[in-house]
2 protein chains.
Amino acid sequence: MGIERHMPGRQPRTRIQKKNTETILEAALDVFSQHGFRGATLDQIAKAAGLSKPNLLYYFPSKVAIHRALIDGLMQTWLDPLRKMRADGDPIEELLAYVLRKLDMAREYPRESRLFANEIVQGAPNIMDKIEGELKDLVEEKAKVIEAWIATGKIAPVNPYHLLFSIWSTTQHYADFDAQVRAILHPEGDSHFTDAAEYLETLFRRMLTP
Amino acid sequence: MGIERHMPGRQPRTRIQKKNTETILEAALDVFSQHGFRGATLDQIAKAAGLSKPNLLYYFPSKVAIHRALIDGLMQTWLDPLRKMRADGDPIEELLAYVLRKLDMAREYPRESRLFANEIVQGAPNIMDKIEGELKDLVEEKAKVIEAWIATGKIAPVNPYHLLFSIWSTTQHYADFDAQVRAILHPEGDSHFTDAAEYLETLFRRMLTP
DNA sequence: CGCAGGTTTGACCATTTGGTCAAGAGAACA
DNA sequence: TGTTCTCTTGACCAAATGGTCAAACCTGCG
């Protein structure tokens, strides 16, 4: 009984497997984040990874498998900044720290941000389960925390869901709409992130101060 | 000398041409906004328009021509809300009215918003000229207006560019990330836009009040 | 009606794309 | 050293895709 002929199992077993799966995911992040799922091709990814196309398909069974592996690996990292928001800290400082962490992620991991943006703009066909699962659960948990802070008068009353939406949108904007931001500001490197941090800190501090 | 064999000129001449070009652009808006340029296919657009593929190519010479025609027609509408911001009105009310107009557009024209979002997330390959032209000019003009308002003390001092970015991102979020917003709030129809309007009005009023 | 123009489409084409396969090249280990 | 398992790839395939073309079909108008 032949079962699966070759194709490594879910976890890389050898050094070469580990190195190559990493190389592939790195290249795939480049390509998927730039062109979206349908716009990306295996040839592009293979070329970016310096491997042959059949070799990609030795490590991953299909194009969508590569995409899924990427998203799975990233979702964890992506939700980290929100998870780190502690209910027992100072409310305003916790929220502002969250804003700045999110902005840092937009600067450090713009490809990851664009990967999600591409996916969600197109209706989230491949990650809706994760949005309705992990993300939604975390958001509801944190919305309760924010409501508790409001109840104690530590922050001004605001709709916690729309507060989170506005934090996401304003910070991710600098990654997702990078092309537009740069066309308008034509900054040197990432210099505009300093201004963005100052602006967003002011924006949300004024919003939240009771 | 045959010149162009058939293919209508830039402007529709007959009723049928007018009707069909409109049908095609409408269908193309559906498809491009959902899948991005590379992800959209002529077959999809043809099917959505109820026309045959060769018939599409009778009215438009190529896929990119359809896309370009769409973008050209939309850029005008897209910049309207910002154009309407009057330098001689009450600063805070002008800016808040702009925010609400932008939010209205996200509700009324989500496909248009996603069309631009798709394009810009992927590096704006087809519209960079317009961003660096019309959009940039308009933004610089309005940034000066905002700075003048700040100089007179009518609004709190803020970076006008980042203010505009935050208005764009927070409002367009409800169109571009609609799938995510709905997954988290699961609203009936557009009911969440009422909460969004209230939230954003509060957010920017607090930001701008001196 | 007749017919000159605009309109529509079936059949076709070259290229691209995701994916397969069998055979060969490398490692590893006894 | 030989053998077994891992890794790599050139050649190939079917489907999808953007686009062409000649022939047929309308339609308005004299």
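Note on naming: letters A, B, ... go to the chains in the order of the sequence lines (proteins, then strands), and numbering restarts at 1 for each one.
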Side-chain N,O (B:Asn20) to OP1/OP2 (C:dG6) below 4.0 Å: no
It should be established whether A:Gln17 places a side-chain nitrogen or oxygen under 4.0 Å from OP1 or OP2 of nucleotide D:dC7. yes
With sugar-phosphate meaning primed atoms plus P, OP1 and OP2, does B:Ala40 contact a base, only sugar-phosphate, or nothing at under 4.0 Å between heavy atoms?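 Here B:Ala40 touches the backbone only, sparing every base.
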Of the listed nucleotides ([options]), which one gets closest to any side-chain atom of [X]?
X: A:Leu57; options: C:dT20, C:dT9, D:dC7; answer: C:dT20
X: A:Lys53; options: C:dG10, D:dG18, C:dG19; answer: C:dG19
X: B:Leu42; options: D:dC21, D:dG18, C:dC21; answer: D:dG18
X: B:Pro54; options: D:dG18, D:dC21, D:dA11; answer: D:dC21

Protein-nucleotide distance ([X], atom [atom1]; [N], atom [atom2]), rounded to Å:
X: B:Asp43; N: C:dG10; atom1: CG; atom2: P; result: 13 Å
X: B:Phe60; N: C:dT7; atom1: CZ; atom2: C1'; result: 15 Å
X: A:His35; N: C:dT16; atom1: NE2; atom2: P; result: 15 Å
X: A:Lys19; N: D:dC7; atom1: NZ; atom2: P; result: 11 Å
X: A:Ile16; N: D:dC5; atom1: CD1; atom2: C1'; result: 12 Å
X: A:Tyr58; N: C:dA22; atom1: OH; atom2: C1'; result: 15 Å
X: A:Ile66; N: C:dT17; atom1: CD1; atom2: P; result: 15 Å
X: B:Asn55; N: D:dC26; atom1: CG; atom2: P; result: 13 Å

Test salt bridge (Lys or Arg N to Asp or Glu O under 4.0 Å) on B:Arg101 and B:Asp104; report intermediate values, then the result. CA-CA 5 Å; B:Arg101 276 199 299 275; B:Asp104 273 342; over 6 Å; no
Confirm from the modelled atom types if A:Lys63 and C:dG19 form a donor-acceptor pair under 3.5 Å, side chain to base only. no
Between A:Asp178 and A:Arg114, is there a side-chain heavy-atom distance shorter than 4.5 Å? yes
For A:Leu51 and A:Arg38, take the nucleotide of DNA chain D holding the closest heavy atom to each; which residue's nucleotide lies nearer the 5' end? A:Leu51
What do you reckon, are the aromatic ring centroids of B:His192 and A:Phe165 less than 6.0 Å apart?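 No: the rings miss the under 6.0 Å criterion.
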Classify the ring geometry between B:Phe37 and B:Phe32 as parallel (under 30°), tilted (30 to 60°) or perpendicular (over 60°).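 It falls in the parallel class, under 30°.
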Measure from NZ or CZ of A:Lys130 to the centre of the six-membered ring of A:Trp78, then state whether that distance is under 6.0 Å and the direction lies within 45° of the axis.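 Verdict for A:Trp78: no cation-pi partner in A:Lys130.
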